[in-house]
A.B. asks: 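Below is one structure. I have some questions about it.
When a ligand or atom number is given, it counts from 1 through the structure's own listing order. Remember, it's a predicted structure, so these values are computed and weren't measured experimentally.
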Amino acid sequence: MNLTDNTFVTISSVAHYFPPTVINNKYFENYLDTSNEWIVKRTGIHERRFALNGATSDLIIPAAKECLRRRNLRPRDIDCIIVCTVTPDYQFPNTAAVVQDKLGCRNAWGFDISAACSGFVFGLSTAASFVKSGLAKRVLLCGADKMTSVLNLNDRNQAVLFGDGAGVCIIEKSDLPNYGVIDQVLHIDGSGGQYLKKVAGGSFLPAWHSDVKPEDHYIHQEGQTVFKNAVTEMTNATFNLLRKQKLSNKDITWFIPHQANLRIIKSVGEKLGLPNEKVVVTIDKFANTTSATIPSAMSMLWEDRKLRKGDNIIIASFGAGFTWGASLIRWNPYEA
Ligand code: ACO
């Protein structure tokens, strides 16, 4: 991303929203052949949030309002909305249009990005490129998923793994050279598509097709294949990014990996040689919220006053596609 070398782009605000209903592991013990002990040991998840009504845009709106408030902006100050999600409100119109209308961002254009768990990493690069090129001044970048809309709650292999949530950022120019969104490494490999997918609802198997089986509307995944690839590729992407930037693992202040399984997170952290306290974990309370895991984790770090100007944050993700990548952000918040 070197469109104009002297334009730097930053995350000027971040916020998140999780629906209020907490579902603990005991909930699943009541009707599935599973246990709190298995779930905690194999995934690190203790609880998650389920949205009992509404759609993905309803998760985004509270986070977006708070994000604007923190940056002291009005909806009309946003000129582009990007929604990263695999659970859009509709196939069309896109969720960005729904958000634009509900928030009243009357000067914005926008679109959705579908890259599963890598949605936010891909979206951040897209938003940063738009700002760098002058195509947008302020992008509202939303990572949100209502995973319960595609979750088979009667399948223990997936029911326990996911939750609903949203994280929202504002991406705009930075006055400070070499701060903000610095660099990224992005990948896609469609040969991995078979291991993590939802078959029905697209043009391949439309929702009205008489042959569609209920399970075609749910997540299908080969957990161990996804697990192994996630560990390898998040580690490689991070090392490649560090190499590109002539940095070492010691330069990382915070590592925010996508939150799919605590064992994946720990394994990547160990391979990168990072102490536990630098590796951000939210999966215990919120499970896998797909596009929302990384921006919501960043927002929680900010709320906990743990982010300092100049901190090197690496975000890394792996998800359906397969898609994966990593980005380097040098923290430079808006200061009112
Ligand atoms: N409770 C009890 N037993 C369970 C449960 C459960 N909730 N889930 C699976 N098991 C069982 C399996 O049925 C299997 O039983 P069997 O041996 O009798 O067949 C046994 O546990 C072992 O299954 P494994 O798949 O080997 O378990 P593993 O340790 O690999 O954990 C898991 C499974 C948690 C899915 C893990 O592989 C994983 O996290 N993979 C990555 C998932 C991921 O990143 N997904 C991304 C999704 S993003 C998206 O969809 C947009």
A.B. asks: Do me a favour and list the nearest non-hydrogen protein atom to atom 44 (O) of ligand 1 with residue, atom name and distance?
C.D. replies: Ala260 CB, 3.2 Å

A.B. asks: Which protein non-hydrogen atom lies closest to atom 35 (C) of ligand 1, naming both residue and atom, and how far is it?
C.D. replies: Leu161 CD1, 3.9 Å

A.B. asks: Cation-pi between Lys244 and Phe239: NZ/CZ under 6.0 Å from ring centre and within 45° of the ring axis?
C.D. replies: no

A.B. asks: Among protein heavy atoms, which lies nearest atom 21 (O) of ligand 1, and at what distance?
C.D. replies: Trp38 CZ2, 3.4 Å

A.B. asks: State whether Asp77 and Arg74 are salt-bridged, where the test is any N-O pair (Lys NZ or Arg NE/NH1/NH2 against Asp/Glu carboxylate O) under 4.0 Å.
C.D. replies: yes

A.B. asks: Just which atoms of ligand 1 are under 4.0 Å from any heavy atom in Val160?
C.D. replies: 7 (N)

A.B. asks: Any non-hydrogen protein atom below 4.0 Å of atom 5 (C) of ligand 1?
C.D. replies: yes

A.B. asks: Among all protein heavy atoms, pick out the one at the shortest distance from atom 30 (O) of ligand 1; state its residue, atom name and that distance to 0.1 Å.
C.D. replies: Gln224 CG, 3.3 Å

A.B. asks: Assign the ring pair Phe50 / Phe28 to parallel, tilted or perpendicular, where the plane angle (0 to 90°) is split at 30° and 60°.
C.D. replies: perpendicular

A.B. asks: Taking only heavy atoms of Phe227 into account, list the atoms of ligand 1 that are under 4.0 Å away from them.
C.D. replies: 38 (C), 40 (N), 41 (C)

A.B. asks: Please check whether Arg263 reaches ligand 1 - meaning an N/O of the residue sits under 3.5 Å from an N/O of the ligand, judged on distance alone.
C.D. replies: yes

A.B. asks: Among all the protein's non-hydrogen atoms, which is closest to atom 45 (N) of ligand 1, and how far away is it?
C.D. replies: Gln221 OE1, 2.8 Å

A.B. asks: Are Phe286 and Phe18, when compared by the centres of their aromatic rings, separated by less than 6.0 Å?
C.D. replies: yes

A.B. asks: Do Asp33 and Arg156 meet the salt-bridge criterion of a basic N to acidic O distance under 4.0 Å?
C.D. replies: yes

A.B. asks: Could you tell me whether Glu303 and Arg70 have a side-chain N and a carboxylate O separated by less than 4.0 Å?
C.D. replies: yes

A.B. asks: For Thr34 and ligand 1, does the shortest N/O to N/O distance drop below 3.5 Å?
C.D. replies: yes

A.B. asks: Could you list the atoms of ligand 1 found under 4.0 angstrom from a heavy atom of Arg42?
C.D. replies: 29 (O)

A.B. asks: Under 4.0 angstrom from ligand 1, any heavy atom of Val150?
C.D. replies: no

A.B. asks: Please report whether atom 16 (P) of ligand 1 has a protein non-hydrogen atom at a separation of less than 4.0 Å.
C.D. replies: no

A.B. asks: Quick one: hydrophobic cluster around Val99, which other residues, with the 4.5 Å side-chain cut-off, linked directly or via members?
C.D. replies: Ile60, Ile61, Leu68, Leu73, Ile78, Ile81, Val83, Leu103, Leu140, Val168, Ile170

A.B. asks: Any idea which part of Asn261 is under 4.0 Å from ligand 1, heavy-atom wise: side chain, backbone, both or neither?
C.D. replies: side chain

A.B. asks: Could any protein non-hydrogen atom be found less than 4.0 Å from atom 19 (O) of ligand 1?
C.D. replies: no

A.B. asks: I need the atoms of ligand 1 closer than 4.0 Å to a non-hydrogen atom of Gly223, numbered in the order shown.
C.D. replies: 37 (O), 40 (N), 41 (C)

A.B. asks: Rounded to the nearest 0.5 Å, what's the gap from OH on Tyr195 to CG on Asn229? Could you check?
C.D. replies: 8.0 Å

A.B. asks: Donor-acceptor pair, distance only, cut-off 3.5 Å: does the side chain of Ser13 make one with the backbone of Cys67?
C.D. replies: yes

A.B. asks: Between Asn157 and ligand 1, find which residue part has any heavy-atom pair under 4.0 Å and reply side chain, backbone, both or neither.
C.D. replies: both

A.B. asks: Measure Asn288 to ligand 1 on non-hydrogen atoms and call it side chain, backbone, both or neither using the 4.0 Å cut-off.
C.D. replies: side chain

A.B. asks: Should Arg48 and Asp164 count as an ion pair when the cut-off is N to O under 4.0 Å?
C.D. replies: no

A.B. asks: Under 4.0 Å, heavy-atom basis, I'd like to know which part of Phe162 is in contact with ligand 1: side chain, backbone, both or neither.
C.D. replies: side chain

A.B. asks: More than 12 heavy atoms of other residues, nucleotides or ligands under 6.0 Å from NZ of Lys278: is that the case?
C.D. replies: yes

A.B. asks: Name the closest protein heavy atom to atom 50 (O) of ligand 1, giving the residue it belongs to and the distance to 0.1 Å.
C.D. replies: Leu196 CD1, 3.3 Å

A.B. asks: For atom 11 (C) of ligand 1, what is the closest protein heavy atom, and at what distance to 0.1 Å?
C.D. replies: Arg156 NH2, 3.6 Å

A.B. asks: Return yes when Cys117 approaches ligand 1 closer than 4.0 angstrom through a heavy atom, no otherwise.
C.D. replies: yes

A.B. asks: Would Lys41 and Glu37 pass as an ion pair if we require N to O under 4.0 Å?
C.D. replies: no

A.B. asks: Are Ser299 and His16 close enough that a side-chain donor and a side-chain acceptor fall under 3.5 Å?
C.D. replies: yes

